[in-house]
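I have placed the structure first, in the form of structure tokens, so that the comments after it can refer back to it.
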Amino acid sequence: MAENDAPLSLTSTKMNLGREQTRRWLDEVILPNARALARLSFFACLPYPLIPDAQRQLEGSGVSAGAQNCWHSDGAATGEVSAGLLAELGCGQVMLGHAERRRLFHEDDSLIARKATAAAGAGMTPVICVGEERRVAARSAAAHVAEQARRALAEVPARHPALVLYEPAWAIGSAHGAEPGHAATVLEALRSALPRPATHFLYGGAVTPGTYTALRARAPWHGVAVGRAAQDSGVLHEVTDELLAAAS
Ligand SMILES: O=C[C@H](O)COP(=O)(O)O
């Protein structure tokens with residue numbers, strides 16, 4: 001959780017917004033909500049080339065810009081961006097193993113683990129995305145997801161901060177997210193697979209106002225990742241208020 005024990009929140013703009021659109025979104029949606037978002041340690045994961053501009057724009061707001069991916073080494077890796085370079089840019093968080101990267105780029109747990117270890121070695125917080133691809137029973141989802149997370153963090157020192165983001169692939173971009181009971185079974189498996197003091201667990205996938213309250217009624221989630229809900233200032237404001245209310 002955040003310093004004040006408030007829940008945590010983040011977003012990713014994926015490849016949905018260009019340079020000017022990102023600038024406008026930060027200006028019109030994120031900055032007006034920045035005070036509240038900062039209490040949630042909120043960060044926005046952006047495409048690599050937009051990170052330095054965003055850092056300048058967000059300076060002093062308490063909200064930061066993270067990355068959506070990284071590579072695990074420097075050197076002969078044409079077209080990639082290393083964790084070390086991101087850290088040098090002042091980027092503190094990097095999302096790894098998102099469902100879209102697993103699907104489009106065939107990223108597997110061992111590659112994600114190498115990236116997570118490199119990110120931690122560079123001093124960044126890895127955000128490990130896990131989730132089942134298709135709707136399956138909660139117990140199967142839980143076993144699958146716990147194994148994904150365990151493998152990804154296997155070489156990351158136990159006391160290094162990490163976020164585990166449970167996003168069932170079938171829920172991303174869909175009308176409804178996971179049932180709170182389903183998600184609770186997954187969280188229980190994640191917590192027992194990862195007895196790590198500095199690891200926090202977030203839910204993502206079709207998050208709207210009310211999602212966090214419903215999830216929290218069943219299990220101790222530390223926060224949520226907002227996708228589409230972070231594109232509209234009013235909706236983001238509602239979700240943020242709801243998270244902050246849970247902290248008070
Ligand atoms: O990566 C996916 C997002 O975090 C979830 O997006 P969504 O809330 O629009 O389903």
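Numbering starts at 1 and runs along the sequence shown. One-based numbering, in listed order, for ligands and for the atoms of each.
- Look at Arg19 and Asp53 and you find a salt bridge, because one of the NZ, NE, NH1 or NH2 atoms lies within 4.0 Å of a carboxylate O, short of that distance.
- Not a single heavy atom of Ser12 lies less than 4.0 angstrom from ligand 1.
- Counting heavy atoms closer than 4.0 Å to ligand 1, residue Lys14 contributes side-chain atoms (C-beta onward) but none from N, CA, C or O.
- Here's the thing with Gly173: one of its N/O atoms is less than 3.5 angstrom from an N/O atom of ligand 1.
- In this structure, the side chains of Ile128 and Leu163 stay at 4.5 Å or more apart for every pair of heavy atoms.
- A side-chain donor from one of His182 and Glu132 sits under 3.5 Å from a side-chain acceptor of the other.
- Ionic pairing of Glu107 and Arg102 is not present here: no N-O contact between side-chain nitrogen and carboxylate oxygen is shorter than 4.0 angstrom.
- Considering backbone and side-chain N/O atoms, Gly205 never comes within less than 3.5 Å of an N/O atom of ligand 1.
- Looking only at heavy atoms of the protein, atom 1 (O) of ligand 1 is closest to His98 NE2, 2.4 Å.
- Against a heavy-atom cut-off of under 4.0 Å, Ala206 is close to the following atoms of ligand 1: 7 (P), 8 (O), 10 (O).
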Next item on the list: Quick one: do Arg103 and Glu100 satisfy salt bridge (Lys or Arg N to Asp or Glu O under 4.0 Å)? Show the steps, please.
Entry: CA-CA 5 Å; Arg103 177 167 52 84; Glu100 286 146 23; 5.0 Å; no
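- Put simply, the side chain of Val81 does not reach to within 4.5 Å of the side chain of Cys70, judged on heavy atoms.
- Here Val207 has backbone heavy atoms under 4.0 Å from ligand 1, and that is the only part of it that gets that close.
- Of the possible donor and acceptor atoms, none in the side chain of Thr13 sits under 3.5 Å from a partner among the backbone N and O of Leu46.
- Within ligand 1, the atoms closer than 4.0 Å to a non-hydrogen atom of Ile172 are 2 (C), 10 (O), numbered from 1 in the order shown.
- Looking only at heavy atoms of the protein, atom 6 (O) of ligand 1 is closest to Gly227 CA, 3.5 Å.
- Nearest protein heavy-atom neighbour of atom 5 (C) of ligand 1: Glu167 OE2, 3.8 Å.
- In terms of protein heavy atoms, atom 9 (O) of ligand 1 is closest to Arg228 NE, 2.6 Å.
- Cation-pi geometry between Arg134 and Trp170 is not met: the NZ or CZ atom fails to fall both under 6.0 Å from the ring centre and inside 45° of the normal.
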